[in-house]
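Values in this document were obtained by computation on a predicted structure and should not be read as measured data. Whatever order the structure lists them in is the order used to number ligands and atoms, beginning at 1.
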Amino acid sequence: LYNQVQDLKGNIRVYCRVRPFLGGQPSHYSSVSNVEEGNISILTPSKYGKEGKKIFNFNRAFGPSATQAEVFSDMQPLIRSVLDGYNVCIFAYGQTGSGKTHTMSGPDELTDETIGVNYRALGDLFLLSEQRKDTICYDINVQMLEIYNEQVRDLLTTDEIRNSSHNGINVPDANLVPVSSTSDVINLMNLGHKNRAVGSTAMNDRSSRSHSCLTVHVQGRYLTSGSTIRGSMHLVDLAGSERADKSEATGDRLKEAQHINKSLSALGDVIASLASKNAHVPYRNSKLTQLLQDSLGGQAKTLMFVHISPEPEALGETLSTLKFAERVSTI
Ligand code: ADP
Ligand code: MG
């Protein structure tokens with residue numbers, strides 16, 4: 001049933017979310033003038049071309065007052081299809097500070113209201129697998145990776161996990177950890193965040209310049225026939241999409257910026273060529289697209305969730321984010 005609903009909408013969807021103004025900021029002027037159904041209107045002063053309004057279309061658009069629960073409920077059918085054996089990729093795209101981590105994980109202080117997609121998705125999978133337990137027995141495992149400067153790093157490493165490790169998906173030496181409750185997931189995410197911070201002086205800096213990927217691997221066995229189904233879900237919080245300041249970026253910063261640029265455009269190229277049903281899909285151009293190759297295209301379902309900031313100062317980046325979204329969209 002979940003899949004019937006999804007199939008009608010195609011395998012690639014693009015959503016957009018506008019972050020609210022943050023505490024203490026003046027909120028009298030936003031570059032986003034209107035959010036309605038799937039449309040977002042952007043006010044463009046003359047500096048950026050013709051003065052006026054630009055309208056962008058998405059499968060779904062969320063304004064600054066949208067709650068985490070509202071955002072999740074639109075993604076729910078997609079997430080549930082993982083239990084029916086589908087491969088799903090969800091990407092959070094946007095400049096640093098636009099709300100990617102807020103959508104995927106939530107703010108620093110997590111409550112039942114503020115928790116993000118990652119926790120809600122796992123919670124849903126547990127709930128549904130429990131409901132189906134008389135028919136199908138599910139095993140759920142998670143993996144957490146970081147891609148920084150085209151290097152893949154396992155974020156779920158402790159001695160304890162290492163000793164009981166399963167094999168990771170596409171990264172054979174990465175740990176795949178069995179989970180059976182939301183608190184298992186919270187513990188693992190905390191471990192992942194802690195490991196992510198190691199070796200970097202400023203955690204936020206590092207996290208905005210690397211991609212983080214939470215992969216959920218689901219295997220179900222029908223109790224009567226013994227036949228099995230497999231599904232997977234990749235929840236990816238991408239590196240910030242902002243252009244490096246050409247005059248300032250040197251050395252390590254420049255190298256990071258080049259890697260990010262390369263991998264985000266490779267991702268854009270892959271999704272755009274899937275959206276236009278090209279025969280050749282250029283998966284090999286980045287670590288990220290190589291890693292997710294099996295889960296992009298074919299029967300797999302992809303959601304590109306772009307994030308934008310409302311501040312007029314961010315308009316240049318906002319427009320480039322929206323152009324990226326337009327390019328990968330099938331609308
Ligand atoms: P990114 O991961 O894209 O760099 P963050 O998710 O860290 O951005 O968001 C930047 C700041 O804005 C954080 O303090 C975050 O809690 C806040 N924020 C982002 N989106 C929202 C939202 N929808 N509602 C409330 N606060 C938000
Ligand atoms: Mg972030």
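Ring centroids of F305 and Y15 are separated by less than 6.0 Å, placing the two rings close together.
The side-chain heavy atoms of Q219 and Y138, taken from C-beta on, include no pair separated by under 4.5 Å.
Here the protein heavy atom with the shortest distance to atom 8 (O) of ligand 1 is G99 N, 3.1 Å. At the shortest separation from atom 12 (O) of ligand 1 among protein heavy atoms lies L22 CD2, 3.3 Å. Ranking protein heavy atoms by distance to atom 7 (O) of ligand 1, first place goes to T101 CB, 4.2 Å. For atom 10 (C) of ligand 1, the closest non-hydrogen atom on the protein side is G97 O, 3.7 Å.
Backbone and side-chain nitrogen or oxygen atoms of P107 are examined, and none is located within less than 3.5 angstrom of a nitrogen or oxygen of ligand 1. Among the atoms of P64, none of the N or O lies under 3.5 angstrom from an N or O of ligand 1.
Proximity to P20 (heavy-atom distance under 4.0 Å) selects the following atoms of ligand 1: 21 (C), 22 (C), 23 (N), 24 (N), 25 (C). Residue-ligand proximity, R17 to ligand 1, at heavy-atom distances under 4.0 Å covers atoms 23 (N). Ligand-side atoms of ligand 1 in range of T96: 4 (O), range being under 4.0 angstrom from any heavy atom.
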If you apply the rule salt bridge (Lys or Arg N to Asp or Glu O under 4.0 Å), what do you find for K54 with E326, and how did you get there? CA-CA 12 Å; K54 278 202 167 78; E326 214 164 39; over 6 Å; no
L319/T44 under side chain to side chain contact (heavy atoms under 4.5 Å, CB included): CA gap, chis, key distance, verdict: CA-CA 9 Å; L319 289 174; T44 55; 4.2 Å; yes
Under the side chain to side chain donor-acceptor pair (under 3.5 Å) criterion, do T111 and T114 qualify, and how do the steps go? CA-CA 5 Å; T111 67; T114 62; 3.2 Å; yes
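In this structure, K262 does not pair ionically with D269, as no charged nitrogen and carboxylate oxygen lie closer than 4.0 Å. Taking 4.0 Å as the cut-off between side-chain N and carboxylate O, E146 and R153 count as a salt-bridged pair. Of the charged side-chain nitrogens involved, none lies within less than 4.0 Å of a carboxylate oxygen, so that R209 and E242 do not count as a salt-bridged pair. With respect to D237 and K100, no salt bridge is recorded, no charged nitrogen being found less than 4.0 Å from a carboxylate O.
Within the coordination shell of the Mg ion (ligand 2), defined by N, O or S atoms under 2.8 Å, T96 is absent.
Atom 14 (O) of ligand 1 is never approached by the protein to below 4.0 angstrom, counting heavy atoms only.
With H102, E242, E109, Q95 as candidates, the residue nearest to atom 26 (N) of ligand 1 on a non-hydrogen basis is H102.
The closest approach between R19 and ligand 1 falls below 4.0 Å for a heavy atom of the residue.
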